[in-house]
Amino acid sequence: MSDELNEIWDLYVDDGSQSLDAVEAVLMGTRDAPADAAAIATLFRAMHTFKGNSRVLGLSVIESRAHLAEDLVGLVRDEGVVLDGELVELLLETTDALRGMMEAAHATRRDADEATTADLVARMRHKFERCRRGEGVAATSEAQAPPELVDAVVFEPMDQSSLIDDPVYREIFTGMVGDVLAALRQALNGPDEARAGSAAEAERLRFAADQLGLAEWVRTLEGFLALAQPGTAAIGALCEALSALFERDFAPAPAATAPEPAEAVVFEPMAAGTLADDPVYREIFAGMAHDMLREMRQALERLAAEPQAARETLTAEAERLRFAAEQMGLARWVRPLTEFLALEQPEAVQADALLDHLAALFEWDCAAAAAPTPAASPLSGTADGLDAALGALANLGARLTAGAAPDPGEVTAVTAAIAAAAEPLGLPGLSDAAARLATAGGDAEAFRRAEFRFYEELAAVEEAAPERLGGTVRPRALLRAWCADRVFESLLDLGNALEAIRRQGSVNGHCERVDERLRHVYYACRHYDMETAAHLTMALVDLFARVRSGELPADALLMHTVKSFVAAMELVFDAANAGQVPDMAAIEDLFHEASGVAFAASGVVSATAIETRLGLPRSFHKVLTPESVHTAVAALEAGHHFYIVRADLNRDETVAGQFLTWINAGGATVVSNVTVFQGDTTLFDFLLASPLDAAGLTEALASLDPGGAVVRVEMTLTDRKAAPPSAHPHPATEEADAHTAVPHEAPSGAMLEAIGEIVTGQAMLHHTLATLLEEDLVHSVESAVRAAGNDWGAARQGVRRYLEGVQEKIEKLGQIETQVNGLLDRLQEEAIGARKRPAALLLRPLSPLVEALAHQSGRRAALTTGGDDVALDVSTLEGLKEPLRALLGFCVGQSIEPPPQRSAAGKEAVGQLRVTVVERDDQVVVTVEDDGIGIDLARVAERSRQLGWDDESNLINRVLHEQWGVTANDPAGAGAVDFAQVAATLRRHGGELHLADLPGGGVRFVLTLPLAMVVLEGMVVRAGEVMYVVPIDAIQRIVHAGSDELLRVTAGGGHQMLRLGRDELLPVRLLGAAAEPQAGESGETEHKRLFVVAGKQSRRVAIAVDELVGQQSVLIRPLQGYLSGIRDVSGCALLGNGGVGMVLDVGGVVNR
Amino acid sequence: MAHEVMIVDDAVMMRTVVGNLVRTLPEFKIVATAENGKKALEQLGNWPNLKLILLDIEMPEMDGLEFLRHAKLRTRAKIVILSSVAVAGSPHAAKARQLGADAIVTKPSGAVSFDLAEKRGSEIVQVMRRLAGA
């Protein structure tokens, strides 16, 4: 291992120790006093640095742990999460773990084992989720796609003029002006040498002014800088000029707006009746009205007992409220209050009527303004009480569930508090639910059911009228968390109910129990944001409701589905509980089964069948109800056509109305519709069935919306009658097939859309180009001049108009081209996305392979894998398959020792192999490691000497040389590998192979491949008659060299070398049958030759080419059959001119 | 003449890794390094011909974003953000761009056993060359 790398490893530990020390210092400090913002910033930065350094060394496990810790600290820094004791202890534990992993990595040069910190990771994730939820941040925001991230970007120069509007830049600049003016004034009064420095000061300020776009400042300073030797007069003038400019551009607002010191300020009166429109005033009024109404209500209650005092309060509050209402311009408040105040001696009934009236007005005028404040509405005046009562209820419920037997008095008190808090909300359902709690008493099961119902009722209130509950009560979250806490119990009970149904042979008496437990599971799914699982659960709730109403039989299929559901959901919640991502494949399958149950019972085809038959895009999957399917089947039977029509109904009400009227009038039948979010716009996709064909439908929609801005046909669907629908396509089967062949998937909706738009763009390009080509510019201009009697002045106007017309068309061409380019990018992204498959398809078959190889070679080996979920392009998967098998063959057959040898060396008898797949930036990195003896370097050194390669450095990489041949520690053993061949295979897919020997023994192979290998940015060159594409990344420079820069090296078998600079010589490589450049010939006829310098750092070559055609993105195609044997080429590509180019295998050329 | 480069990063390891990379490029010369924005700002006046600044974001005393504001009024050097937080497309990147950064490159990664220049380093090199016109 090189000194440079050793130095970096040492720095990793030095830097890392400092960072972790800093983390610990802050965390320990919190035991004495809470950490301030600066301490939290230090904490974050230290963890961030540690993470970044781990990343540099490719220690992805350590990096991921540090990343989690950084995220937790980020919540404290940015989201206001409290750095509580639990979090401090968790972070301290993490710091300890990171320190251990760092030291181990330094010693072994290996990343940490994921498993040892799996529990810590789960707890950190759990804490993260809890912290995030506690802050009220939505756990997911599905509608918002994350911004697209790229690895490097170079910005276009920015518009500097905007900087001057930035107060920070203004402040920095004014500071500089002050400094410069002070220096200039000092120079004025100082010696000559001091004046000499004034130019430098002026230049400094001129540059800053230029950056800010302050043209007049720049002009003034440039005038001064133009002077050869500025004297005191010039410096003085500059000071004055700068001061004046400063006064004008940066001094505080002029005196006219700066208030003079005054004893009193008189404001203009505000226009009457406008305050009600101001939200700030509305909020103030709402608060006042709330308090006054409460006072009046209390006074009313005291009216009988203390008539005098109560009436005085009523009158005083009414008077204050009337005045406030008058100021606000709320006449409807003023009138009843004035009438009430006119009464000499108001009675209770009148006060009551007034208060009812005002409460209604309050709801009308103030509810929205008061909503953010929990206690602002008289109707939600109990929010605080409800909040407190809910806390007591949750506590009681938890103890009852745990088997405790609380004091009956406490149960009564809590349920009474709940009932009291619920009563004023005036919602019968909620009051009933509260009453059920009271009747449940201390019976744990009854109480649990009543508690669940009460939370459900409350959640429904939040759903429908959140303002009634105030700001702090969040029943939906409460309900979901409650169900999540009890989900395993609910699943167990559900299983028991199913068993009881099976024994009894009927669902009678069990439906309610099943329904309720399913609802528990549903809310628990919501708690963990498991959308598909929640949909499935609701589908089952629906099915059982149908069973209960006699609509469906509780047949074996349904029972089987629910039973499988219980088993699958246990696993899913297990994973979710541990902070892992659950495997949803089984849930997806069950969803299809559940849908099949409903449709089979109703005697129609399933929703899946319709999805398949019409080729519906993904957005319409799982949304078809039985009714939708019924409609679709009827339309299919009637021979109707199916379309997806996209409508922007909010854009134009008139057109939207006409569209819906057209549908209602029988123009089409709506089978289903889905909502589509595009930025801030909400669109609707309608699945329509219509007797009209595509042309007819387009015409009908065009008559409603000629521009197509509001409604347009998004997709025309085809009835695939020939392929009878399979009820339950099995994703597992699809996966299994995926790694053996590139699947032929139907293009996605977005892809078809992009293709459609590209075709349209191309048509527009064609049309505009055609009209341009028809123009004869010279002839037209000459004719115009001739028509004006060869008087250019007279013709000028006409010619100008004509040329402007042409210019306009050219600009339009440019716009269309940009648009088409954007669409092509989109199409490319879609296409690449559609080709992705999980790495598990590559990794899963490796375990049996290793087992078989070990068996054959008398070894014992165990394989672990990581990165199953990394999504890879299908061609990447293919490209990795063979190299991986070869390398594992070497590990098992050559590196891992037979068991007796391992035991003698103090190792476990079973050799350990690990294959991990990591996505890093734009590459996939596959690491293969073992704990055997690795590559026998002594043997490599010996063979090197035999080959005459005397250099002893970098021995391990010798095996990658083309002339090396097969590598084997034991030539008689299995698994010998030609590493150069493996590297060449990877290079054909744009990848590389690296090797490293590990300090404790064993070998590490690192295979890298581009994540998406479809598109390549390349330089197209011609060598002889053949066009080649050289990957841009591999090009170091392009050289135009004459014959005197070419040398022939006798010792190198007569190879040519290109002299580059003073002392660098690069081997020259020829492509195909290209003519060799002539060295050492000089004369008048000599012409220079082009060379592309390609390769990496010290391994570079000069490739002789005849022509540089230009840079372009090319789609790589693999070479098939005979072509796959062509040397130095990794694929072929279609070029912009329609020809075919050979994609150069630069690695192969370099190693030749 | 080689283009003058300054590296600003609080991590010694990162300064070394990036420094080693830049030193392999004959067209660039590291003239200064600094462990935070404040120290970098203090040195700016010494290098009137500075061509490039490779700048981290998360640093003590003065972070990269604040340094950008000040540097914009003090130097012609192009500024490359070299950070894992300012991934292009992120809010940090938007802020950096707003403050006048010329380019953003993700920090190098995975240099555990081979030449850094073959990993993320090549991206840094490309961006440096493009900005320096080398």
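Order of the sequence lines sets the chain letters (A, B, ...), proteins ahead of strands, with each chain counted from 1.
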One option among A/N53, A/D10, A/T42 has the most heavy-atom pairs under 4.5 Å with chain B, and it is A/N53
Checklist entry - Is the closest basic N to carboxylate O distance between A/E201 and A/R204 below 4.0 Å? => result yes
| said: Strictly below 4.0 Å, N to O, side chains only: are B/E58 and A/R77 in salt-bridge contact? | reply: yes
**Asked** Taking B/R15 for the side chain and B/D9 for the main chain, is one N or O donor matched with an acceptor at less than 3.5 Å?
**Response** yes
Honestly, the part of B/I79 sitting under 4.5 Å from a heavy atom of chain A is neither
Check: Are a donor atom and an acceptor atom from the side chains of A/E70 and A/H48 found within less than 3.5 Å of each other?
Finding: yes
Pair count under 4.5 Å, heavy atoms only, with chain A: among B/R76, B/K78, B/R74, highest is B/R76
